[in-house]
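Step one of this worksheet: look at the structure below.
Below, each value reflects all heavy atoms present in this structure, side chains not excepted, and no hydrogens, waters or symmetry copies.
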Number of protein chains: 2
Amino acid sequence: MRTSRRPGASVCGLDAAMDVIGGKWKSSILWALNEHACRFGELRRLLPGVTEKVLASHLREMEADGIVHREVYDEVPPRVEYSLTPLGVALNEALAPLGVWGREHLLGGRDDHHSTTGDRG
Amino acid sequence: MRTSRRPGASVCGLDAAMDVIGGKWKSSILWALNEHACRFGELRRLLPGVTEKVLASHLREMEADGIVHREVYDEVPPRVEYSLTPLGVALNEALAPLGVWGREHLLGGRDDHHSTTGDRG
DNA sequence: CAGTATCCCACTTGATACTG
DNA sequence: CAGTATCAAGTGGGATACTG
């Protein structure tokens, strides 16, 4: 998958940011983790439709990008918790206006089940 | 290509917005048009690496999404100018924090040749 | 539970050539 | 100049099965 950034890209910060959140489910993962740390299976349940492979890939990329923290607990049964790093929190906040724009202009400003739990629309 | 939105997606405004700017060159096109209206060939020159086909596809999608306006002048030689609609301007503004985030945290806050021409990093 | 390993396909993107 | 048509390729994402 994406081992390095797009060749020749990232001439400006926006391109770099788009690369970080470019995965199909990354913004959803970000939103989910914004509320509280989640275990792998919990994320899978929160994101209906995502496969284990894709979820794992995205999480590894987001961890490599420094926006997600992976905490492993040596227990049985095994437990791993994912949470946002301060960088991830900042990214989520930077994403907020975009979510508002989408809700206002694309969804006709109608309400949805996320709008009261966060500020991302 | 993308005739409709991602099936089953757009549960929140952010997903919808991500779909609109999901194309590889769309954010760059947005940035280019933010400064002034551009002709097709001008955009091609401003975006080294993009092919005519992809540029045309992106422009048609962005026009369909209501963020780009296409003005045709019946002259010879033919002239077509692309510009941002108010919606596109709003999108660009909503994108600004993301560009700042990327420049601050991904590019190490270093300057680049865009940072003085706009607010997107 | 929390992943990895394969295989596969659709879609996006790219290269090139051609047209109004 | 401003595209469209065709062909080719690369990648992300999905389905399924298996492992520590």
Side-chain angles (χ1 to χ4, degrees), chain A residues 1-10 15 18-29 32-33 37-65 68-83, chain B residues 1-10 15 18-29 32-33 37-65 68-83:
Chain A
M1 49 200 57
R2 188 202 59 188
T3 52
S4 62
R5 306 268 171 234
R6 288 201 313 250
S10 297
D15 283 330
M18 288 302 297
D19 195 41
V20 168
I21 56 174
K24 180 172 179 179
W25 300 92
K26 287 189 182 176
S27 61
S28 299
I29 295 173
L33 294 182
C38 286
R39 303 178 60 172
F40 189 87
E42 195 175 356
L43 280 173
R44 202 170 28 164
R45 260 175 282 115
L46 286 172
L47 277 43
V50 70
T51 61
E52 295 97 330
K53 174 196 164 184
V54 171
L55 181 55
S57 303
H58 281 186
L59 284 171
R60 266 185 279 117
E61 288 184 2
M62 295 168 82
E63 189 188 0
D65 286 329
V68 161
H69 172 68
R70 182 172 183 268
E71 184 79 35
V72 182
Y73 299 88
D74 252 349
E75 304 174 353
V76 45
R79 181 162 68 104
V80 178
E81 277 196 351
Y82 295 91
S83 57
Chain B
M1 45 190 56
R2 188 200 60 190
T3 51
S4 62
R5 306 265 172 237
R6 287 201 315 248
S10 297
D15 284 328
M18 288 302 296
D19 194 40
V20 168
I21 56 174
K24 181 172 178 179
W25 300 93
K26 287 189 180 176
S27 62
S28 298
I29 294 174
L33 294 184
C38 287
R39 304 178 59 170
F40 189 87
E42 194 175 357
L43 280 173
R44 203 170 28 164
R45 262 174 282 115
L46 285 172
L47 277 42
V50 70
T51 61
E52 295 97 329
K53 174 194 164 183
V54 171
L55 181 55
S57 302
H58 281 186
L59 285 171
R60 266 185 279 117
E61 288 184 4
M62 294 168 81
E63 189 188 0
D65 285 330
V68 160
H69 172 68
R70 183 173 183 269
E71 184 79 35
V72 182
Y73 298 89
D74 251 351
E75 304 173 355
V76 46
R79 181 161 68 104
V80 177
E81 276 195 353
Y82 295 92
S83 57

Considering just the side-chain nitrogens and oxygens of B:Tyr82, establish if one lies under 4.0 Å of OP1 or OP2 belonging to D:dG3. yes

Give a yes/no on whether any side-chain N or O of A:His58 is located under 4.0 angstrom from OP1 or OP2 of D:dG12. no

Length of the [atom1]-[atom2] vector between [X] and [N], whole Å:
X: B:Glu81; N: D:dC1; atom1: CD; atom2: C1'; answer: 13 Å
X: B:Arg60; N: D:dA2; atom1: CZ; atom2: C1'; answer: 12 Å
X: A:Arg44; N: C:dC1; atom1: CZ; atom2: P; answer: 8 Å
X: B:Asp74; N: D:dG3; atom1: CG; atom2: P; answer: 13 Å
X: B:Lys26; N: C:dT12; atom1: NZ; atom2: C1'; answer: 11 Å
X: A:Arg39; N: C:dC1; atom1: CZ; atom2: P; answer: 8 Å
X: A:Ile29; N: D:dG12; atom1: CD1; atom2: P; answer: 15 Å
X: B:Arg45; N: D:dG3; atom1: CZ; atom2: P; answer: 14 Å

When every non-hydrogen atom of B:Val50 is compared with those of B:Leu55, the smallest separation belongs to CG2-N, 3.9 Å

Nucleotide by nucleotide, nucleotides 14-20 of chain C touches protein heavy atoms under 4.0 Å in the pattern (B base, S sugar-phosphate only, - none) BBB---B

Among the nucleotides D:dA2, C:dA2, C:dT4, whichever has the atom closest to the side chain of A:Ala56 is C:dT4

Excluding sequence neighbours, so at least two apart, what forms side-chain contact (heavy atoms from CB on, under 4.5 Å) with [X]?
X: A:Arg79; answer: A:Arg39, A:Tyr73, A:Glu75, A:Glu81
X: A:Val72; answer: A:Arg70, A:Val80
X: A:Glu52; answer: A:Phe40, A:Arg44

Using 0.5 Å steps for rounding, measure from the [atom1] atom of [X] to the [atom2] atom of [Y].
X: B:Arg60; Y: B:Met62; atom1: CZ; atom2: CE; result: 13.0 Å
X: A:Asp19; Y: B:Lys24; atom1: CG; atom2: NZ; result: 10.0 Å
X: A:Glu63; Y: A:Tyr82; atom1: CD; atom2: OH; result: 7.0 Å
X: B:Leu59; Y: B:Lys26; atom1: CG; atom2: NZ; result: 9.5 Å

As a check of understanding: the bend across the helix from C:dC1-D:dG20 to C:dG20-D:dC1, end axes from five pairs, rounded to 10 degrees, works out to 50°

- Query: For B:Ile21 and B:Ser27, what are the C-alpha separation, side-chain angles and deciding distance, and is it a side-chain contact (heavy atoms from CB on, under 4.5 Å)?
  - Reply: CA-CA 6 Å; B:Ile21 56 174; B:Ser27 62; 5.6 Å; no

